[in-house]
Amino acid sequence: MAFTLPALPYAPEALEPHIDAQTMQIHHGKHHQAYVDNLNKAIAGTEHENKSLEELVKNAGSISPAVRNNGGGHWNHSFFWEILGPASNSQPAGALADAINSTFGTLDGLKEKMNAAGTTRFGSGWAWLIVKDGKLEVTSTPNQDNPLMEVAEVKGQPILGIDVWEHAYYLKYQNKRPAYLEAIWNVINWNKVSEHFGKAK
Ligand code: MN
């Protein structure tokens, strides 16, 4: 069964002014669609074509570069749209807030670590907040890799991920990746991050 592009859970302009509508339209409708199409092409007629996305992603390093890049791309973007949402005053609460405070001191401490991970990731990739051995940890991956992959340097269950490819911010922020990383905290859907945290623990 072929993979399909999931609908955005909000309108493309819903994240304005932090992330502009045109970036969302191209990022979702063109870039993510291309990962889906190229993943389907890569597995068509092979022993991998009926596997779940999670299974493909976990073993991507030993399947093929095309599955690693496009399976990772499909998983990462599907996850990314869900942990973003219209700007609100929502903050981490409950067990997630406790874990953030005990690991990073404050929410600002977490943001600093994530922004540093995203800024220092050379070229294209992702910054991640993961649960590893029951604890929160910040890491980053190159290209469309993610911490679920067996080939990842630091493995764990992602609960928050930030795309630092230029296609995620270039129209509005040009070369200013740190400005994009500051702005994106205004549109994090903390309820969804909490939900991932609850499942990962
Ligand atoms: Mn992207």
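Counting starts at 1 for both ligands and their atoms, following the listed order. The figures here come from the full heavy-atom set of this structure, side chains too, leaving out hydrogens, waters and symmetry mates. On a predicted model such as this, the values are computed, not experimentally measured, just so you know. We number each residue from 1, following the sequence as shown.
At least one N/O/S atom of H167, whether from backbone or side chain, sits less than 2.8 Å from the Mn ion (ligand 1). Among the atoms of H31, none of the N, O or S atoms falls under 2.8 Å from the Mn ion (ligand 1).
The aromatic rings of F80 and W126 lie perpendicular to each other, with more than 60° between the two planes, well past the 30° mark.
Checked by atom type and distance alone, the side chain of K113 never pairs as donor or acceptor with a backbone atom of L129 at under 3.5 Å. Using a distance-only test at 3.5 Å, with no hydrogens or angles considered, no donor-acceptor pair links the side chain of T23 to the main chain of I19.
Of the angles at the Mn ion (ligand 1), the one spanning NE2 of H77 and NE2 of H27 is 90° when given to 10°.
Residue D163 approaches the Mn ion (ligand 1) most closely through its N/O/S atom OD2.
Within a 6.0 Å sphere centred on NZ of K201, other residues, nucleotides and ligands contribute 12 heavy atoms or fewer.
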